[in-house]
Amino acid sequence: VRLFVTKYPDYRIVNLDKLTYAGNLANLKDIEQAENYSFERCDICDYEQVLAIFRKYRIDGVIHLAAESHVDRSIKDPFTFARTNVMGTLSLLQAARVCWNGDWAGKLFYHISTDEVYGDLPLDRPDLFFTEETPIHTSSPYSASKASADLLVQAYHRTFGVPVTISRCSNNYGPYHFPEKLIPLMIANVLNDKPLPVYGDGKNVRDWLYVEDHCRAIDLIIHNGRVGEVYNVGGHNEKTNLEVVQLIIAALGKGEIKFVRDRAGHDRRYAIDPTKIHNELGWLPQTKFEDGIQKTIQWYLDNKSWWENIISGEYQKYYERMYGNR
Ligand code: TYD
């Protein structure tokens, strides 16, 4: 939202958000007064409200990032994931279809998916990567719900002709990352002198994508991506969880790892082959993990009150439930 509001003053950006536990309007304080920005509090599952917002602003493009995204939560509460990620996507698609009503010129429904729809790769095959042709093969209720959303987006293209694009990104990190995910959770725990809960043996590999690199990819895909196509976003930043946590400990000069019970169904390795987006749109990640993690740690040091406010609230109860007896 910040990138599009500042880079494209001619676009009206409508930010639609339900403001659940991870939603936080303070994240956009710097642009909330911008003339081309509006906020609508809305549950994407509420089809009537979504349709009314489409009509009110005459929406002609959608970047669909609204999702429940935390795998551990999906294991505890799969229903919420199916509802938001599957039914919510369907409601947005239907509103686009009804509102655009066959007049597809200048319209686009762009769905932000995840590399988790491809399942995982074995640790002993570093030669393997996810391409856009890799079959969908999911592991968690989270990835299953995102895969269902992907398929609905493709069905609306094939069946009704709605112009769509899909991108599947690897693990994002950077500023404003909610402190339930690996990197911000570890940074916050180090700074609060709490142990660092590494699941299983810590050898799982993720392909880390700096949030601004992802935003650059979204900008390119919405403007230049081919309708009906899928683009993988990520690559060249594979790290084991232990490597990530050790980098954080080294940067902050303290931190104590505690190995805890593994996540059920824990995916071993994600790794993206970004050849397609590189060849077609000229995108490659620009931020090396070693630089991005330093920038991210610095942001959490400079914005302590942002994440302390989150941790002191409802999130504290979640933390107890998730890690209390792990
Ligand atoms: P996460 O940030 O939840 O993203 P995802 O599961 O979508 O990849 O987790 C990243 C990796 O870190 C994953 O392998 C699980 C692991 N992990 C831990 O070891 N400890 C933790 O407390 C968390 C949240 C994650």
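Quick caveat, the model's predicted, so the values are computed rather than measured. Both ligands and their constituent atoms are indexed starting at 1 by order of listing.
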**Student:** Any ion pair linking R41 and D17 (charged N to carboxylate O, less than 4.0 Å)?
**Tutor:**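 Result for this pair is no, no salt bridge flagged.
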**Student:** Consider every N or O of R263 and every N or O of ligand 1, then say whether any pair is closer than 3.5 Å.
**Tutor:**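 Yes, there is a polar N/O contact under 3.5 Å.
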**Student:** So which protein heavy atom does atom 8 (O) of ligand 1 come closest to, and at what separation?
**Tutor:**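 The protein heavy atom lying closest is R206 NE, 2.6 Å.
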**Student:** Identify, for atom 22 (O) of ligand 1, the protein heavy atom at the shortest distance, and state residue, atom and that distance.
**Tutor:**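 For this ligand atom, the closest protein heavy atom is Y323 OH, 2.7 Å.
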**Student:** Is E180 touching ligand 1 with its side chain, its backbone, both, or neither, if touching means heavy atoms under 4.0 Å apart?
**Tutor:**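 The answer is the backbone of E180.
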**Student:** Within the 4.5 Å heavy-atom criterion, are W104 and V227 side-chain neighbours or not?
**Tutor:**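 They are not in side-chain contact.
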**Student:** Looking at ligand 1, does any of its N/O atoms fall within less than 3.5 Å of an N/O of P197?
**Tutor:**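 Indeed, backbone or side chain, P197 has an N or O that close.
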**Student:** Any N/O of Y270 closer than 3.5 Å to an N/O of ligand 1?
**Tutor:**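 Y270 vs ligand 1: no N/O contact under 3.5 Å.
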**Student:** To which protein heavy atom is atom 19 (O) of ligand 1 closest, and what is the distance rounded to 0.1 Å?
**Tutor:**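 For this ligand atom, the closest protein heavy atom is Y199 N, 2.8 Å.
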**Student:** Could you tell me if T89 and H111 have a donor-acceptor pair between their side chains, going purely by distance under 3.5 Å?
**Tutor:**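 Result is no, nothing qualifies.
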**Student:** For V260, which part has a heavy atom under 4.0 Å from ligand 1: side chain, backbone, both, or neither?
**Tutor:**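 For V260, no heavy atom sits under 4.0 Å from ligand 1.
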**Student:** Atom 15 (C) of ligand 1: which protein heavy atom is closest, and how many Å away?
**Tutor:**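 Protein heavy atom with the smallest distance to atom 15 (C) of ligand 1: H266 NE2, 3.4 Å.
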**Student:** Polar-atom distance check: N204 versus ligand 1, any N or O pair below 3.5 Å?
**Tutor:**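 N/O-N/O distance under 3.5 Å: no.
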**Student:** Among all protein heavy atoms, pick out the one at the shortest distance from atom 4 (O) of ligand 1; state its residue, atom name and that distance to 0.1 Å.
**Tutor:**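 Here the nearest protein heavy atom works out to N171 ND2, 3.2 Å.
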**Student:** Which protein heavy atom lies closest to atom 7 (O) of ligand 1, and at what distance to 0.1 Å?
**Tutor:**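 Heavy-atom neighbour on the protein nearest atom 7 (O) of ligand 1: E116 OE2, 2.6 Å.
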**Student:** Heavy-atom distance to atom 2 (O) of ligand 1: which of N189, L182, N241 wins?
**Tutor:**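 Nearest option to atom 2 (O) of ligand 1, by heavy atoms: L182.
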**Student:** Look at ligand 1 and say whether Y142 reaches it with a heavy atom at a distance under 4.0 Å.
**Tutor:**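 So Y142 does not count as touching ligand 1.
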